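Since the structure comes first, as structure tokens, the remarks are kept for the end.
Just so we're clear, the structure is a prediction, and the values are computed from it rather than from any experiment.
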Amino acid sequence: QVQLVESGGGLVQPGGSLRLSCVASGFTFSTYTMTWYRQAPGKERELVAVIISSGSGTAYAGSVKGRFTISRDNAKNTVYLQMNSLKPEDTAVYYCKARSESVVGSEYWGKGTLVTVSS
């Protein structure tokens with residue numbers, strides 16, 4: 001069965017760093033665009049970063065550009081989000097999403113990992 005399992009969340013101080021991981025199984029990871037989203041308490045879910053299947057193209061939300069880096073290791077079926085210079089506003093549940101680049105409508109979501117940045 002399809003699984004996306006996020007890990008690496010936790011409690012950090014402002015200015016600190018975390019690296020999130022999302023391990024995929026049950027589908028051909030190397031043909032899927034991977035996206036990190038986040039949802040803060042009381043807020044709508046927002047896109048954070050995107051990486052295409054080959055890893056050669058990325059995009060970021062303006063609020064995290066220059067601080068966060070998305071990467072992937074197709075041999076390990078894993079996508080990462082390196083988060084530096086964390087701010088209290090980054091506190092959210094972070095989710096990874098997989099979207100097929102060849103099959104319309106093929107999309108999978110993980111259950112999320114909580115990142116809390118103290119103030």
Rounded at 0.5 Å granularity, tell me how far SG in Cys96 sits from CZ in Arg72. 10.5 Å
Can I get a per-line list of side-chain donor-acceptor pairs under 3.5 Å for residues 21-34, giving both atom names and the distance, sequence neighbours left out?
from, atom 1, to, atom 2, distance (Å)
Thr31, OG1, Thr28, O, 2.9
Tyr32, OH, Ser106, OG, 2.6
Thr33, OG1, Glu101, OE2, 2.5

All ring-ring contact (aromatic ring centres under 6.0 Å, His included) counterparts of Tyr37, not counting sequence neighbours: Trp109
Which atom pairs, one a donor and one an acceptor, fall under 3.5 Å between side chains of residues 79-88 and the rest of the protein, sequence neighbours left out?
from, atom 1, to, atom 2, distance (Å)
Gln82, NE2, Asn84, OD1, 3.0
Asn84, OD1, Ser17, OG, 2.9

Using the disulfide bond (SG atoms under 2.5 Å apart) rule, collect all pairs that involve residues 41-74, keeping only residues at least two apart or in two chains. none
Which residues pass the salt bridge (Lys or Arg N to Asp or Glu O under 4.0 Å) test with Glu89, sequence neighbours left out? none
What I want to find out is whether Lys111 reaches Glu6 closely enough, with some N-O distance under 4.0 Å, to be called a salt bridge. no
By side-chain hydrogen bond (donor to acceptor under 3.5 Å, both in side chains) - contacts of Ser54 (at least two apart): Ser56
Ser118 to Pro14 - nearest heavy-atom pair and separation: O-CG, 2.5 Å
All side-chain hydrogen bond (donor to acceptor under 3.5 Å, both in side chains) counterparts of Gln3, not counting sequence neighbours: none
Can you tell me if Thr91 uses its side chain to pair, donor with acceptor, with the backbone of Val117 under 3.5 Å? yes
Same cluster or not: Leu18 versus Val5, using hydrophobic residues (I, L, V, M, F, W, Y) connected whenever any side-chain heavy atoms lie under 4.5 Å apart? no
Residues 31-89 vs disulfide bond (SG atoms under 2.5 Å apart), sequence neighbours excluded, gives none
Would you mind reporting whether Thr35 and Tyr95 have side-chain heavy atoms less than 4.5 Å apart? no
Please tell me whether Val50 and Val64 are part of a single hydrophobic cluster in this structure, the criterion being side-chain heavy atoms less than 4.5 Å apart. no
Share the residues that join Leu11 in a hydrophobic cluster, the rule being Ile, Leu, Val, Met, Phe, Trp or Tyr side chains under 4.5 Å apart at the heavy-atom level. none
Taking disulfide bond (SG atoms under 2.5 Å apart) as the cut-off, I'd like each qualifying pair that reaches into residues 30-91, sequence neighbours left out, listed once. none
Is there a donor-acceptor pair closer than 3.5 Å between any side-chain N or O of Gln39 and the backbone N or O of Ala92? no
Non-neighbouring partners of Arg67 that pass side-chain hydrogen bond (donor to acceptor under 3.5 Å, both in side chains), sequence neighbours left out: Asp90
Closest heavy-atom pair and its distance - Leu20, Tyr94: CD1-CB, 3.5 Å
Group every Ile, Leu, Val, Met, Phe, Trp and Tyr by side-chain heavy-atom contacts under 4.5 Å, then state whether Phe68 and Val93 land in the same group. no
Suppose the criterion is disulfide bond (SG atoms under 2.5 Å apart): which pairs have a residue in residues 52-93, not counting sequence neighbours? none
